[in-house]
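These notes concern the structure reproduced below.
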Amino acid sequence: MLIPQSIYELRDGLESGAFSATDVITHFLTIIKEKNPEINAFIDVYHDEALRMAAAVDEARKSGTHVSALAGIPFGIKENMHFKGKPTTCCSNILNGFIAPFDCTAVRQCLDAGLIPLGKLNMDEFAMGSSCEYSAYGPTKNPWDLSVVPGGSSGGSAAAVAAGMVPLALGSDTGGSIRQPASFCGISGFKPSYGTVSRYGLVAFASSLDQIGPMGWSVADIAAGMSVLHAHDPLDSTSENVEKPDYEAALTGSIKGVKVGVPDGLINDHFHPDVVARFEESLDTLKSLGAEIVPVKFEYFDAALSAYYILAPAEASANLERYDGVRFGYRSPDAKNLKEMIIKSRSEGFGDEVKRRIIMGTFVLSSGYYDAYYLQGLKVRSKVIEAFKDVFSSVDVMALPTAPSPAFRLNENSSNPMAMYLSDIATIPVNLAGLPGLSVPAGFSSDGLPVGIQFVGNAFDDTRVLNVGHAFQTVTDFHTKRPGVQEAG
Ligand code: GLN
């Protein structure tokens, strides 16, 4: 039986009875069993529970009980989101043994819509990273080429979708962690406007930047995900009470007359020539759809990157202070007193990159340096917000490459933090301003690795951004290409 990957096709097939929820779940579990051992996207699979939930959906459909339209469709959960009763480790040793006491709202929204969780997905420790190599569970590999990274931090989510293990995955994006891995893995990934999707139950990295969003093969799948995830949540004080748009209806595919701004000051010699070539071809595609390409001024890419690496570690150092060996997860077994217990638990529990962020964050917040670094970072953030406002006073969306290069090789950047940080140069400003950002596949490098294009919109103009991505996908087929899993080499 042929089980489709697209969410709307899955929905239609389930509704018409072409296949059952059990068929669907069995199909995806089989692919996980086949492909996950070499890709390492899932770190926990809810095999029996998923089949039980599928049987319940089938039973309800058979007996004529009302079930929601998406009931029986599987999804994957990034390991920094709580699913009650299951471990949440953020792929860190410090949370070893911690069991989620409640459901993350985004996960709960999916469960309430009848979606079935297949398991937890690998990520960089505490979502700090761009390659999915900084995980206590070992790296995830890119299904297009096992010798390159899937991007990060939501690398497990991106690789699982790309390999066909799950049609929809939840990711989180603080500086690019949904969009950059989507670009590296040849799928679509969306960071909604800040406040659109609740952060309740998402383990905090940098609270003013973190945002949950959906990852799938197509923008249509993203829209299906957003129609489930978008909700006002009183449990998250930063959740916005904005009217929920009709995400599906917004995908008209028409972008005639839409003004697409292309920023100066981003593309330079550090950008891979294949990325630049695919970007330019994509602009031609947009033009052929009737969009107008307009050069716009935006000179804050470098400054935004620097500001992010002050502000995000500052917030992280405060958020991660709670892991003290007393309340959550890991406690060092051989400490002689309280102080030693805290020091040893943190030293043994956190990985190097997380420690680096805690040290940087503590430094920039310390008296004497607060004004010089943290306050300066906040000022740059205001400038970035203003610059975007200017841009969106003259264009509808902005288009830019998602990342400066296709996926890099495993270990290539893992001991070079600066090189790793630079891979988010095009995504980070979007988080600083809380805007919606979408990455969609825009073609391939000469080595056959996927390359993405990013569309950014004004705050809460999420559906316009999605419609531009969707229109692009009505005339391109990059998002339908599937990796054949090859040998590492
Ligand atoms: N790569 C960036 C960082 O390490 C962004 C991470 C993210 O978006 N979670 O901070």
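Only a predicted model underlies this, so the values are computations on that prediction, with no experimental measurement involved. Start at 1 and go down the list; that is how both ligands and their atoms are numbered.
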Consider every N or O of [X] and every N or O of ligand 1, then say whether any pair is closer than 3.5 Å.
{"X": "G152", "value": "no"}
{"X": "G176", "value": "yes"}
{"X": "S177", "value": "yes"}
{"X": "G175", "value": "yes"}

Can you list the ligand 1 atoms lying under 4.0 Å from a non-hydrogen atom of [X]?
{"X": "A127", "answer": "6 (C), 7 (C), 9 (N)"}
{"X": "F205", "answer": "9 (N), 10 (O)"}
{"X": "M128", "answer": "4 (O)"}
{"X": "D173", "answer": "8 (O)"}

Would you kindly say whether S135 and E79 are connected by a side-chain donor-acceptor distance under 3.5 Å?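 No, because no side-chain N or O of S135 sits under 3.5 Å from a partner of the opposite role on E79.
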
Hey, are S439 and Q180 close enough side-chain-wise for a donor-acceptor pair under 3.5 Å?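 The criterion, which ignores hydrogens and geometry beyond distance, is not satisfied for S439 and Q180.
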
Atom 5 (C) of ligand 1: which protein heavy atom is closest, and how many Å away?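 Nearest neighbour among protein heavy atoms for atom 5 (C) of ligand 1, to 0.1 Å: Y308 OH, 3.3 Å.
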
Which protein non-hydrogen atom lies closest to atom 1 (N) of ligand 1, naming both residue and atom, and how far is it?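 It is D424 OD2, 2.5 Å.
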
Partner set under ring-ring contact (aromatic ring centres under 6.0 Å, His included) for F271, not counting sequence neighbours: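 With sequence neighbours excluded, F271 shows a ring-ring contact (aromatic ring centres under 6.0 Å, His included) to no residue whatsoever.
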
With a heavy-atom distance limit of 4.0 Å, tell me whether [X] approaches ligand 1 through its side chain, its backbone, both, or neither.
{"X": "S153", "value": "side chain"}
{"X": "T174", "value": "both"}
{"X": "Y309", "value": "side chain"}

If we ignore hydrogens and angles and just use 3.5 Å, is the side chain of K355 paired with the main-chain N or O of S347 as donor and acceptor?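 Yes: the side chain of K355 pairs with the backbone of S347.
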
Cation-pi between R482 and W217: NZ/CZ under 6.0 Å from ring centre and within 45° of the ring axis?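 Yes, R482 and W217 form such a contact.
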
Within the 6.0 Å centroid threshold, strictly below: Y330 and F98: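 Ring centres of F98 and Y330 not closer than 6.0 Å.
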
Taking the six-membered ring for Trp and the single ring otherwise, decide whether the centroids of Y134 and F126 are under 6.0 Å apart.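 No, ring centres 6.0 Å or more apart.
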
Going by the side-chain contact (heavy atoms from CB on, under 4.5 Å) test, name the single residue among N431, D210, V465 that passes it with K191.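 Only one of N431, D210, V465 forms a side-chain contact (heavy atoms from CB on, under 4.5 Å) with K191, namely N431.
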
One thing to verify: whether R108 and D103 come together as a salt bridge, which I'm taking to mean a side-chain N less than 4.0 angstrom from a carboxylate O.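 Yes, this pair counts.
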
So, does R357 sit close enough to ligand 1 that a heavy atom of it is under 4.0 Å from the ligand?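 Contact present.
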
